[in-house]
Protein chains: 2
Amino acid sequence: MTKNDKITEDRIFDAATDVFEEQGLSGARMQEIANRAGINKALLHYYYRSKDRLFEAVFNRLAGKMFDRFITALDNEMSLQQKLEHFYHEHITFLQKHPKLPGFVLHEINQNPERLLNAFGNEQLQRIRDNLFAQLDAEIAAGHIAPIDKPQFLANLLALSVFPFAARNMLELVLQDTDFNFDDFINQRKTLLPEFMMNAVRAK
Amino acid sequence: MTKNDKITEDRIFDAATDVFEEQGLSGARMQEIANRAGINKALLHYYYRSKDRLFEAVFNRLAGKMFDRFITALDNEMSLQQKLEHFYHEHITFLQKHPKLPGFVLHEINQNPERLLNAFGNEQLQRIRDNLFAQLDAEIAAGHIAPIDKPQFLANLLALSVFPFAARNMLELVLQDTDFNFDDFINQRKTLLPEFMMNAVRAK
DNA sequence: GTCTATAGAAGGATAGAC
DNA sequence: GTCTATCCTTCTATAGAC
């Protein structure tokens, strides 16, 4: 593979990433991907054979990236409070760089749940889950937090960071004519959410 | 309009609702809508002229329904605690009957934010928002809850109820091999979430 | 109002020259 | 490796019979 190969293949991949993220699989057009990559349609097929294969490559990359971030942000030996601070800071900073990712991944998973299984091995994912759950058990046993259903905790944890990105347009509509500013709003959440979660679950 | 007209038009509308909710605008096929309605493609155009118009009718109906529910569940004179209990019970019960609605509406709004403006007048929406915000101000002034940014409160309120429906497949993957059951999980949230929110914001 | 048949456009994919 | 030209399928939309 020559250097030029690599460049073109990357340009295609990057353009496809943008288009698929914006429009989804069924909404994306090969012509638009070619245009944005600055090449023609035939080359897309030369490198990726079909729209489905190109999509698969992009999806696996993006979904993998997102889950890797969950993992590195959660997999450490901090106390729950520290872990929440670390998680929300890392995770929200990541989503700020990829604001369309949540909506994209959620939509495509709903279209075809099997895709997730191909995107990455789930041993890793389950290890993280078990880690977090063990920590919750320990903190409950130590009396730091109130007994709480662990899946509920996990769902709330993710909902609070992910949802605003997927629902940005809705929020902006509801809050129009106020001084709402999405970027400021998101930055605030990096510190507000750890506090919010801790208050919600702290033992009384 | 004869009785038969109405029946056919409704069958089309219902079939279109199902297909669009599942596959989105770009993923839906007129042929599949016709099949599910038990009529042929030509009739779709006879009644709705084009795919876009049919979609618009369906979207406006669904989005309107969802927002109406927000509104009736929030627009009342209860205390904050009661309001949260009422809201989550009503809203989650509604979403249980329309589990694909959140993913659908979020996706289509991201594709075309203008759609929201046509779906309903926003005076109503803003009235509710202002109501809720006024109540939050009052509860803060009365010392019942800690000072909190109102848009943050609203975002958290919605995130906690809506997100699990949009992310069901993801949750089920992460929690596979546990005794996770989505329906039970959702039912629990009707009572867990009011408590969770109140703990999170209660004055200390 | 409903159907069959088909037009016409759009989009994914390939052939073949360079 | 990259392009132009074109094929072929899919899909929306319409014409016209009943």
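Throughout, a chain's letter reflects where its sequence line sits, starting with A, and its residues are numbered from 1. Fair warning: this is a prediction, and the values are worked out from it, not measured in the lab.
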From C-beta outward on [X], which listed nucleotide comes closest to its side chain: [options]?
X: B:Lys41; options: D:dT12, C:dT2, D:dT2; answer: D:dT12
X: B:Lys51; options: C:dG12, D:dT12, C:dA15; answer: D:dT12
X: A:Ser50; options: C:dA13, C:dT14, D:dT12; answer: C:dA13
X: B:Met30; options: C:dA15, C:dC3, D:dA13; answer: D:dA13

Let me know the distance between [atom1] of [X] and [atom2] of [N], rounded to the nearest Å.
X: B:Tyr46; N: D:dC18; atom1: OH; atom2: P; value: 19 Å
X: B:Arg53; N: D:dA13; atom1: CZ; atom2: P; value: 10 Å
X: B:Phe55; N: D:dT12; atom1: CZ; atom2: C1'; value: 16 Å
X: B:His45; N: C:dG8; atom1: NE2; atom2: P; value: 15 Å
X: B:Asn35; N: D:dT10; atom1: CG; atom2: C1'; value: 15 Å
X: A:Leu43; N: D:dT4; atom1: CG; atom2: P; value: 10 Å
X: A:Tyr47; N: C:dG12; atom1: OH; atom2: P; value: 20 Å
X: A:Asn40; N: D:dC3; atom1: CG; atom2: C1'; value: 5 Å

- Between B:Arg29 and D:dT12, is there a side-chain N or O to OP1/OP2 distance below 4.0 Å? yes

- Relative to the ring of B:Phe104, is the ring of B:Phe55 parallel (under 30°), tilted (30 to 60°) or perpendicular (over 60°)? perpendicular

- Check the angle between the aromatic planes of B:His91 and B:Phe70 and answer parallel, tilted or perpendicular using the 30° and 60° thresholds. tilted

- With a 4.0 Å cut-off on heavy atoms, is A:Ile39 in touch with a base, just the backbone sugar-phosphate, or nothing at all? sugar-phosphate

- Message: Please classify the nucleic acid contact of A:Ala34 as base, sugar-phosphate, or nothing, using heavy-atom distances under 4.0 Å.
- Response: nothing

- Query: With nearest nucleotides of DNA chain C determined for A:Asp52 and B:Ala42 from heavy-atom distances, which residue corresponds to the more 5′ nucleotide?
  - Reply: B:Ala42

- State whether a side-chain donor-acceptor pair under 3.5 Å links B:Glu32 with B:Gln23. yes

- Query: Using 4.0 Å as the upper bound for N to carboxylate O, is an ion pair formed by B:Glu139 and B:Arg202?
  - Reply: no

- Query: Aromatic ring centroids of B:Phe20 and B:Phe59 under 6.0 Å?
  - Reply: no

